[in-house]
Amino acid sequence: MFYLFAFLIGLAIGSFLNVLIVRIPKNENIVFPASHCPVCNHTLKPWHNIPLLSWLLLKGKCAFCKTPISKMYPMVELITAAIFLFISFKEGISVNWFIISLIFSLLFALSIIDFKYFAVPDSLNFTALALALLLPLFNFAEDYLTQDLKNFTYYQSELITNFKDAAIMALSLFLLGLVVKKIIKKDALGEADIIIAATMGSLLGFPSVLIAIYTAALLAIIPALFARNHMVPFVPFLALGTLIVYFFNDTLLKWWNLLYA
Ligand SMILES: [Zn+2]
């Protein structure tokens, strides 16, 4: 039942991500107007808005003009549901589960937007960073409500560590960007990559975040070799590196310790 709940919440959040992905790059309001068909402009009925199910029942076509609906919508909903489901295996149904799933959902939305537009909106990027930085405060609220409060200094030191790790990563990537720019005389790392690195630092901590950055760079090399102008959107690879390290942290840390012990 817990897992079904996690999956359904993920579908609902995925449905909202679709709205963000379509509207934010066009500077449209994310609440108004209500969902409508981009071709015939008909406002959708509530039962046309059920994640995944509506798309299946309508056989992927608009109910009014029968124009095919992009497969992107059900795919985004399904992948977001999978994110919420798999993270619930690791975290149980908890505040950690919800906030970490939200962070990965935002990274996923940023990845798709970067892939389509080669630029990502600061609003979503900073939301992910804020969630990652403030996770100890959410933990504090949860522990307070479940009367399982730890020593206050625990939350304090978690919070300080998050800000410190985020700052170190942001500064390192900023400096790295300057060095690379000197060498190849082109902007290599954008402001968006720096913000995401800070989110990664806060979420994963050291040295895991370094493994995630390496993983992202390794994954990005092959498509970069084949891409036009050797340009690939880097955000999807940063997100993927973060996800891999989040799930396989223990194994990867063992290898890391073998290498550096
Ligand atoms: Zn239509």
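The basis for the numbers below is simple: all heavy atoms, side chains too, and nothing from hydrogens, waters or symmetry mates. Whatever order the structure lists them in is the order used to number ligands and atoms, beginning at 1.
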Applying ring pair (Phe, Tyr, Trp, His ring centres under 6.0 Å), run through Y154 and F140 and close with a yes or a no.
CA-CA 9 Å; Y154 166 81; F140 175 79; over 10 Å; no
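Excluding waters, the set of protein N/O/S atoms under 2.8 Å from the Zn ion (ligand 1) reads C37 SG, C40 SG, C62 SG, C65 SG.
Applying side chain to side chain contact (heavy atoms under 4.5 Å, CB included) to P74 and the options L53, L52, L56, I69 leaves one that passes, L52. Considering F247, Y3, F84, F7 as possible partners of F89, the one that fulfils the ring pair (Phe, Tyr, Trp, His ring centres under 6.0 Å) test is Y3. When each of I83, L106, T80 is paired with I13, the side chain to side chain contact (heavy atoms under 4.5 Å, CB included) condition holds for T80 and for no other.
Inspection of the D148 and T146 side chains reveals no N or O donor paired with an N or O acceptor under 3.5 Å.
A distance-only check finds a donor-acceptor pair linking the side chain of R23 to the backbone of N29 [under 3.5 Å].
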